[in-house]
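Notes to accompany the following structure.
Just follow the structure's listing: the first ligand is 1, and inside any ligand the first atom is 1. When a residue number appears, it is its place in the shown sequence, counting from 1.
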Amino acid sequence: MKTIFDKTNFVNLPIKNRIFRSAVWEGLAKNEHMTDELFRTYEELAKGGTGVIITSFVTVNPDDIPAPNMLGIYDDSFIEEYKKLTDMVHSYGAKIFIQLVAGGSQGRNNSNLGKTIYGPSAHVNPITGIEAVEMSKEKIDEVVQLFKDASARAKESGFDGVEIHAAHGYLISQFLNPLFNKREDEYGGDVDGRGRLLIDTYLSVREAVGDDFIVGMKINCDDFVDGGFNFGESSWICERMAMMGMDFIEISGGNAIRKVTSPEEESYFKAFANIVAEDNNIPVILVGGNRDIDSVEEILNNSSIEYFAFARPLIREPNLPNRWESGDRARAKCISCNRCKGENGVSCIFNR
Ligand SMILES: Cc1cc2nc3c(=O)[nH]c(=O)nc-3n(C[C@H](O)[C@H](O)[C@H](O)COP(=O)(O)O)c2cc1C
């Protein structure tokens with residue numbers, strides 16, 4: 001019987017359990033830099049027993065900051081503070097990956113006001129209302145280079161891996177989505193073309209960090225909108241990336257956050273994630289609605305999914321892995337957002 005507390009080698013990295021903290025924008029950075037409060041937030045997670053912490057999304061681009069008070073890694077001034085962060089996380093026996101993002105029109109942040117925001121094709125984003133300008137080939141190359149430089153800095157800062165954010169409607173996800181990507185050049189058209197920004201980004205990141213450093217992605221299994229990026233395309237891209245040497249895939253979907261008010265609604269992308277895990281010989285991380293340790297271990301033992309990521313439960317209860325390991329296996333306290341009202345005093349973004 002496998003358990004969520006098995007020690008495994010994740011790719012080539014020994015990790016103490018199968019629990020990941022999925023990326024969570026905390027809104028606690030200042031001018032894209034670390035703050036004491038943010039450092040403490042990560043310390044709580046590291047102390048709480050999480051095996052691998054994935055940072056919040058971190059912008060690679062100083063000209064596109066898609067969320068207020070988010071982190072950045074667009075120049076060398078970030079390296080020293082991230083070294084402190086990774087050293088601290090390692091001192092608790094945990095590992096830490098950085099999630100890198102290029103925002104595009106999905107960003108909601110006043111500091112982007114007045115700036116030119118780019119997308120695969122010119123569009124007005126139906127969610128944010130932001131108008132995006134179609135990227136030239138030079139602009140695409142610039143973004144790819146930004147990811148490359150950011151990854152080199154991440155490695156120098158002591159992160160154990162990089163996760164490329166290819167999900168949730170941000171720039172790479174928009175390139176994948178035919179509703180946003182109407183290009184007629186090699187970056188548009190069929191899924192091969194729409195996936196080219198992701199492929200170029202991956203190859204440039206790999207070049208920056210070398211073969212032994214962990215590089216993966218978070219991707220939508222499906223956008224769940226008519227005419228959007230769908231599961232057939234997603235599984236094809238996952239296969240392609242795995243064949244190219246990508247180390248792991250975290251499966252999300254749509255805009256990621258669904259209410260989980262009953263056991264039936266838990267682990268809501270497990271069927272998709274299992275197909276990707278069965279089709280590819282690299283680890284798949286399931287995120288979205290994981291709440292109950294018994295259900296998670298049932299998935300672990302009856303599917304090809306080996307790793308599980310948690311976002312809202314660890315905002316609510318950073319000590320959750322330790323609690324479960326101590327024998328108190330009660331379901332994670334986060335049921336759905338806006339419900340808990342921060343009862344345990346945790347500074348959840350939804351309660352500020
Ligand atoms: C406050 C908040 C911030 C989030 N920020 C990010 C992010 O920066 N990057 C990302 O890929 N997903 C982000 N997500 C999505 C989560 O990583 C996760 O996919 C989603 O919440 C579903 O998992 P859960 O049911 O464990 O919360 C965020 C979710 C929440 C609630």
Side-chain angles (χ1 to χ4, degrees), residues 4 18-29 32 38 41-42 45 50 52-60 65-73 96-104 106-109 162-173 216-224 248-263 265-270 272-273 284-293 295-296 299 307-318 320-321 331-340 342 346-352:
I4 200 166
R18 300 176 186 272
I19 300 174
F20 282 66
R21 194 293 287 258
S22 199
V24 167
W25 159 70
E26 299 93 354
L28 294 173
E32 294 80 66
L38 199 40
T41 303
Y42 281 91
L45 286 165
T50 293
V52 181
I53 300 168
I54 302 179
T55 64
S56 57
F57 62 178
V58 177
T59 184
V60 299
I65 316 289
N69 304 318
M70 73 180 293
L71 286 168
I73 187 161
I96 181 163
F97 294 177
I98 188 168
Q99 188 189 58
L100 300 179
V101 71
Q106 181 80 353
R108 292 173 221 226
N109 187 6
V162 162
E163 180 179 76
I164 297 168
H165 195 352
H168 305 168
Y170 293 96
L171 190 69
I172 295 179
S173 166
M217 67 175 174
K218 185 171 186 177
I219 192 165
N220 281 359
C221 56
D222 201 302
D223 286 345
F224 300 109
F248 74 90
I249 300 171
E250 183 181 7
I251 292 289
S252 186
N255 63 6
I257 299 170
R258 292 188 188 171
K259 282 194 173 176
V260 184
T261 49
S262 71
E265 292 169 323
E266 290 183 16
S267 305
Y268 38 81
F269 300 128
K270 66 180 174 204
F272 298 101
V284 164
I285 307 170
L286 171 66
V287 67
N290 296 319
R291 296 291 182 272
D292 179 57
I293 184 168
S295 313
V296 161
I299 296 170
Y307 297 95
F308 299 86
F310 300 79
R312 287 165 290 176
L314 289 168
I315 299 175
R316 176 78 168 76
E317 197 183 355
L320 178 66
R331 177 178 257 101
K333 288 181 188 152
C334 173
I335 301 170
S336 69
C337 288
N338 301 323
R339 290 270 188 98
C340 75
V346 172
S347 178
C348 172
I349 196 92
F350 291 110
N351 295 316
R352 269 189 236 136

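- Residue Ala23 has at least one nitrogen or oxygen atom sitting less than 3.5 Å from a nitrogen or oxygen atom of ligand 1, judged on distance alone.
- Under a 4.0 Å heavy-atom criterion, Pro313 is in contact with ligand 1.
- Every heavy atom of Asn290 sits 4.0 Å or more from the atoms of ligand 1.
- Using a 4.0 Å cut-off between heavy atoms, Tyr170 makes no contact with ligand 1 at all.
- Close contacts between ligand 1 and Tyr268 involve ligand atoms 22 (C), 25 (O) [criterion: under 4.0 Å to a heavy atom].
- Remark: ligand 1 atoms within the under-4.0 Å shell around heavy atoms of Ala256 are 19 (O), 20 (C), 22 (C).
- At least one donor-acceptor pair closer than 3.5 Å links the side chain of Asn290 to the backbone N or O of Ala309.
- The ligand atoms of ligand 1 that sit less than 4.0 angstrom from a heavy atom of Ile257 are 21 (O), 29 (C), 30 (C), 31 (C).
- Rounding to the nearest 0.5 angstrom, the gap separating the CZ atom in Arg312 from the OG atom in Ser22 is 10.5 Å.
- One side chain, Ser252 or His168, offers a donor N or O that lies under 3.5 Å from an acceptor on the other.
- The part of Phe310 lying near ligand 1 is the backbone, judged by heavy-atom distances below 4.0 Å.
- In this structure, Tyr307 has its ring center at least 6.0 angstrom away from the ring center of Phe248.
- Remark: ligand 1 and Ala309 share no N or O pair separated by less than 3.5 Å (distance only, no angle test).
- Only side-chain heavy atoms of Gln99 come within less than 4.0 Å of ligand 1; its backbone N, CA, C and O stay farther off.
- An N or O contact shorter than 3.5 Å links Gly289 to ligand 1 by distance.
- Considering only heavy atoms from C-beta on, Arg258 stays 4.5 Å or farther from Glu265 through its side chain.
- Here the two rings, on Phe269 and Phe308, have centers that are 6.0 Å apart or farther.
- Contact annotation: the side chain of Tyr268 approaches that of Val260 to within less than 4.5 Å [non-hydrogen atoms, C-beta and beyond].
- Ligand 1 has no nitrogen or oxygen under 3.5 angstrom from a nitrogen or oxygen of Ser56.
- Inclusion of Ser22 in the set of residues having an N or O under 3.5 Å from an N or O of ligand 1 is warranted.
- Checking Glu32 against Thr59 by side-chain atom types alone, no donor-acceptor pair falls below 3.5 Å.
- Between Ile19 atom CD1 and Ile285 atom CD1 the span is 12.5 Å, to the nearest 0.5 Å.
- Remark: the Glu26 side chain and the Tyr42 side chain contain an N/O donor-acceptor pair separated by less than 3.5 Å.
- In this structure, Arg291 is part of the shell of residues with a heavy atom less than 4.0 angstrom from ligand 1.
- In the vicinity of Gly288, heavy-atom distances shorter than 4.0 Å reach the ligand 1 atoms 22 (C), 23 (O), 25 (O).
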